[in-house]
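To keep things clear, I will list the structure first and then write my remarks on it.
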Amino acid sequence: MTDGARSATPPGLTPREVATHCPYCALQCGMTLRADDAGVTVHPREFPTNRGGLCQKGWTAAELLDHPDRLTTPLVRDAATGELHPASWDTALDRVVAGIRAVQDDAGRDAVAVFGGGGLTNEKAYALGKFARIGLRTRHIDYNGRFCMSSAAAAGMRAFGIDRGLPFPLAELGRADTLLLVGANPAETMPPLVRWLTEQRRNGGKLIVIDPRVTATARQADLHLQPLPGTDLAVANALLHIALTEGWVDRDYVADRTTGFDAVRRGVAAWWPARAEQLSGVPVADLEATARALGTGGRVIILTARGAEQHAKGVDTVTAYVNLALALGLPGRDGSGYGCLTGQGNGQGGREHGQKADQLPGYRRIDDPVAREHVAGVWGVPADELPGPGVPAYQLLDSLGTPGGPRALLVFGSNPVVSAPRAARIEGRLRDLDLLVVADLLLSETAALADVVLPTAQWAEEDGTMTNLEGRVLRRRALRPPPPGVRTDLAIISDLAARLADAESTDAEPADANPASVRPAAVAAARFPADPAAVFAELRRASAGGAADYAGISWDRIDADDGVYWPCPTEDGPDTPRLFADRFATADGRARFHPVDHRPAAEEVCATYPLHFTTGRVLAQYQSGTQTRRVAALRRAAPEAFVELHPDLATRLGIDDGDPVRVTSRRGEFRAPARLSAGIRPDTVFAPFHYAGAGRANSVTNDAVDPISGMPEFKICAVRVEKA
């Protein structure tokens, strides 16, 4: 048995197994879970995305099922002592409902907010958005996926009319003659994907990586471009400039399938390679070699990820690479295209069905009257009762507890105390709330601040669906029920909705009300079923006709086909593994070019803060570390935060490898041991963002946001580093 794969099995459990998917990244690797008297074990499963491979996180995923830190009873904060104490579900939910009603009675519906997560199943994401809008009747809902895919999503929508991370199957990476990865490090973030990179190079393809660090992925590349953080847009414009100069633009494709190219052509005329080299540090020869590989390759794929997207100009940066792909005639062509590597497990599905502040299910705009009528009809409410758009995640979090901002927050599947930029400020905002409710399986740093903590089921204890980075809808299957005292998120939402409706009904009922009449609580319970199959059936109806149309996707069809790609409008019709073969999802079927220009980072270096700081991930940890920092094998592999800096910089600062250092920005500081590496630029320092406490990297990151997507500028800010 693999170390870390053991987990106790509840007494009396019948030995069984289920085919399911890993609870971590958007690759959603196939795995089989087996339970017997010895425990729960993880076994790799042959599935199209991972082909029998798993990373260390996947192998050890079952260790959390019966972890000693697992929450198995609600916790309620004692007003007198300030401590969290175990409580019954009735006590905890009554406290939540009373708190919500008190806040809304005093300050209005929008005084309560909801914050979701990109790891929630499609069913839970859908139910949470619905609960916010017709259960709480608040406009304030967003989710941590705003910190992940929002810039690429916005760029995709304005160029293609649709947002799907990969508009083609993942296997096409292995067929590419040239593959360009921009700000992506899949060797550490989703290791099984490296199989496709290996296959691509084995087939004679060229791998090019753009990253400020020599990452595990960059070490495998044929060519590595190492720009200054925040200059990816300038690099993209220079690549298109070269392609134009050398005659590699596909003029027929541009004329037949796109609009707006002339404005882009005029804009990139100013981005001659020498100018881009001066700004980014990427040599002209490397820019020319990259452009040549892209412009003369047969099958060419360009992929972006968080390194290019988590900037205050992230939408424009992604747009620059989309412009490059369109100019070369890649999207919709067999074996070619532009795509984005989604991060969180359900980062794709989580944003399609209502968790985002401006969206309704099916990727519909909440300010679209036709969309509102359709969804309101499915939900059984008048369209004019649906609230309008809310605000993006950081703006929402930063407004908590302030005059006019929400005074209560419900959090499902997120840990913003660690994951949000300028995290100390957000922690303070959470402390200022009248009511903080957190549903989680472990006492995260955010849950530790809550007034009420609700214990939730884990991935192996509930059915549902996830949508992976390809837009492939998958089935998550329960191996066992949740432990006694633990409820699923759907059950929690259902019960809260019923209690809120019942409380309103009690206030409104006349004294002689007919006790046999149907109470609003019963209606609310019917509107918010706890059964994921019932929720998915409703999701299909709500998404029908939308950009992300799931109407033709059933659980049986998913089981039969190794997943189903959306859009899929009818049960007996085809799904859509490849988008854009004939037309784009715009009114005229043409893709849109958009001229974009480089602009500096929101915060530039200076004498006081002379270094560029960037963040990222490490192989053994995931997101805010709530789960992975509790897994013994992963903790041994990556036990603490570190600060990576170049040996030349370390010498200038008098720092040796392993020395404790302090990193300070205008917003705060964190401390961690130094790790010297010649693979990082001498003007840049790096730290992983998975850790809490003194090693919390997001204590220093910049909260400037992209004006279109609301994405914070995680990937660059100005800092100073000194020996602690």
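In this text, all values refer to a predicted model and were calculated from it rather than measured experimentally. In what follows, every heavy atom counts, from backbone to side chain, and hydrogens, waters and symmetry copies are set aside.
Taking the six-membered ring where the residue is Trp, F714 and F147 present perpendicular rings, their angle passing 60° and hence far from 30°.
Counting only distance, with no hydrogens or angles, the side chain of T73 and the backbone of A87 share a donor-acceptor pair below 3.5 Å. One N or O on the side chain of Q355 and one on the backbone of G117 form a donor-acceptor pair closer than 3.5 Å. Not a single donor-acceptor pair under 3.5 Å links the side chain of E470 to the backbone N or O of R164. Looking only at distances, no side-chain donor or acceptor of S399 sits under 3.5 Å from a matching main-chain atom of G405. Under the 3.5 Å distance criterion, the side-chain polar atoms of N50 are left unmatched by any main-chain donor or acceptor of L54. Checking side-chain atoms of E123 against main-chain N and O of T465 turns up a donor-acceptor pair under 3.5 Å. Side chain of E17 to main chain of T32: no donor-acceptor pair is present (N/O by atom type, distance under 3.5 Å, no hydrogens or angles). R351 places no side-chain N or O within 3.5 Å of a backbone atom of Q359 that could act as its donor or acceptor partner. No donor-acceptor pair closer than 3.5 Å links the side chain of D561 to the backbone N or O of V564. In this structure a side-chain-to-backbone donor-acceptor pair under 3.5 Å is missing from D106 to A102.
E427 meets the side chain to side chain donor-acceptor pair (under 3.5 Å) test with R431, R696; sequence neighbours excluded. Checked against salt bridge (Lys or Arg N to Asp or Glu O under 4.0 Å), R372 has no partners two or more places apart in sequence or in another chain. Under the rule for a side chain to side chain donor-acceptor pair (under 3.5 Å), D463 has no partner lying at least two apart in sequence or in another chain. Every residue two or more places apart in sequence or in another chain was checked for a side chain to side chain donor-acceptor pair (under 3.5 Å) with D358, and none qualifies. Listed by chain and residue number, P74, V76, V452, L454 satisfy the side chain to side chain contact (heavy atoms under 4.5 Å, CB included) test with A92 (two or more places apart in sequence, or in another chain). N346 pairs by the side chain to side chain contact (heavy atoms under 4.5 Å, CB included) definition with N122, M466, T467, not counting sequence neighbours. Every residue meeting the side chain to side chain contact (heavy atoms under 4.5 Å, CB included) condition with R77, not counting sequence neighbours, appears here in chain and number order: L84, D451. Residues passing the salt bridge (Lys or Arg N to Asp or Glu O under 4.0 Å) test with D110 are R139, sequence neighbours excluded. Residues satisfying the side chain to side chain contact (heavy atoms under 4.5 Å, CB included) test with Q623, not counting sequence neighbours, are Q344, R617, F689.
Between the CG atom in D440 and the OG1 atom in T446 there is a gap of 8.5 Å [rounded to 0.5 Å]. Put simply, CD1 on I558 and CZ on R476 are 13.0 Å apart, with the number rounded to the nearest 0.5 Å. L474 contributes atom CG, which lies 12.5 Å from atom OG1 of T121 (distance to the nearest 0.5 angstrom). With values rounded to the nearest 0.5 angstrom, D69 atom CG is found 11.0 Å from R629 atom CZ. Rounding to the nearest 0.5 Å places OG1 of T628 at 8.5 Å from CG of L64. Note that OH of Y363 and CH2 of W566 are 7.5 Å apart. Values are rounded to the nearest 0.5 Å.
Closest of all the heavy-atom pairs between L120 and G413 is CD2-CA, 4.3 Å. Here the closest heavy-atom approach between residue P455 and residue I492 is recorded as O-CD1, 4.3 Å. What you find for L166 and G339 is that their closest heavy atoms are CD2-CA, 4.0 Å. Here the closest non-hydrogen pair linking L75 and L443 is CD1-CD1, 4.2 Å. Minimum interatomic distance between A548 and H353 (heavy atoms only, all atoms of both residues): O-CE1, 4.2 Å. When all heavy atoms are compared, the tightest approach of M711 to S151 is CB-OG, 3.3 Å.
Taking the side chain as every heavy atom from C-beta outward, V97 and D94 never approach each other to under 4.5 Å. Under the 4.5 Å side-chain criterion, counting only non-hydrogen atoms from C-beta, L170 is not in contact with N468. Residues V418 and N698 are not in side-chain contact: their nearest non-hydrogen atoms beyond the backbone lie 4.5 Å or more apart. Under the 4.5 Å side-chain criterion, counting only non-hydrogen atoms from C-beta, L400 is in contact with L430. Side-chain contact check for T20 versus L479: every heavy-atom pair is 4.5 Å or farther apart. L500 places none of its side-chain heavy atoms less than 4.5 Å from the side chain of E504. At a threshold of 4.5 Å between non-hydrogen side-chain atoms, the residues P361 and L539 do not count as touching. Between K124 and I493 the shortest side-chain heavy-atom distance does not fall below 4.5 Å.
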Working note: F412 + Y143, criterion side-chain contact (heavy atoms from CB on, under 4.5 Å); need CA distance, chi angles, decisive distance, verdict. CA-CA 9 Å; F412 287 76; Y143 81 130; over 6 Å; no
Dump the intermediate steps for side-chain contact (heavy atoms from CB on, under 4.5 Å) on R499 and V96, then the final yes or no. CA-CA 10 Å; R499 288 168 184 263; V96 174; over 6 Å; no
Can V486 and Q458 be said to form a side-chain contact (heavy atoms from CB on, under 4.5 Å), step by step? CA-CA 9 Å; V486 174; Q458 290 198 50; over 6 Å; no
Could you go step by step and tell me if V417 and I426 meet the side-chain contact (heavy atoms from CB on, under 4.5 Å) rule? CA-CA 7 Å; V417 167; I426 298 307; 6.0 Å; no
Listing, residues 21-31 side-chain donor-acceptor contacts under 3.5 Å, not counting sequence neighbours, or none:
| unit_1 | atom_1 | unit_2 | atom_2 | d |
| --- | --- | --- | --- | --- |
| H21 | ND1 | Q28 | O | 2.9 |
| H21 | NE2 | R45 | NH2 | 3.4 |
| Q28 | NE2 | C22 | O | 3.0 |
| Q28 | NE2 | C25 | O | 3.0 |

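Salt-bridge formation is not detected for the pair D66/R70: no Lys NZ or Arg NE/NH1/NH2 atom is positioned less than 4.0 Å from an Asp or Glu carboxylate oxygen. A salt bridge links R477 with D559: the closest approach of a Lys/Arg side-chain nitrogen to an acidic carboxylate oxygen falls below 4.0 angstrom. Between R109 and E385 no salt bridge is recorded (no basic side-chain N to carboxylate O distance below 4.0 Å).
For the side-chain hydrogen bond (donor to acceptor under 3.5 Å, both in side chains) condition, the pairs that include at least one residue of residues 539-548, sequence neighbours left out, are R540-E571. For residues 143-152, the set of pairs meeting the salt bridge (charged side-chain N to carboxylate O under 4.0 Å, His left out) definition, not counting sequence neighbours, comprises D142-R146.
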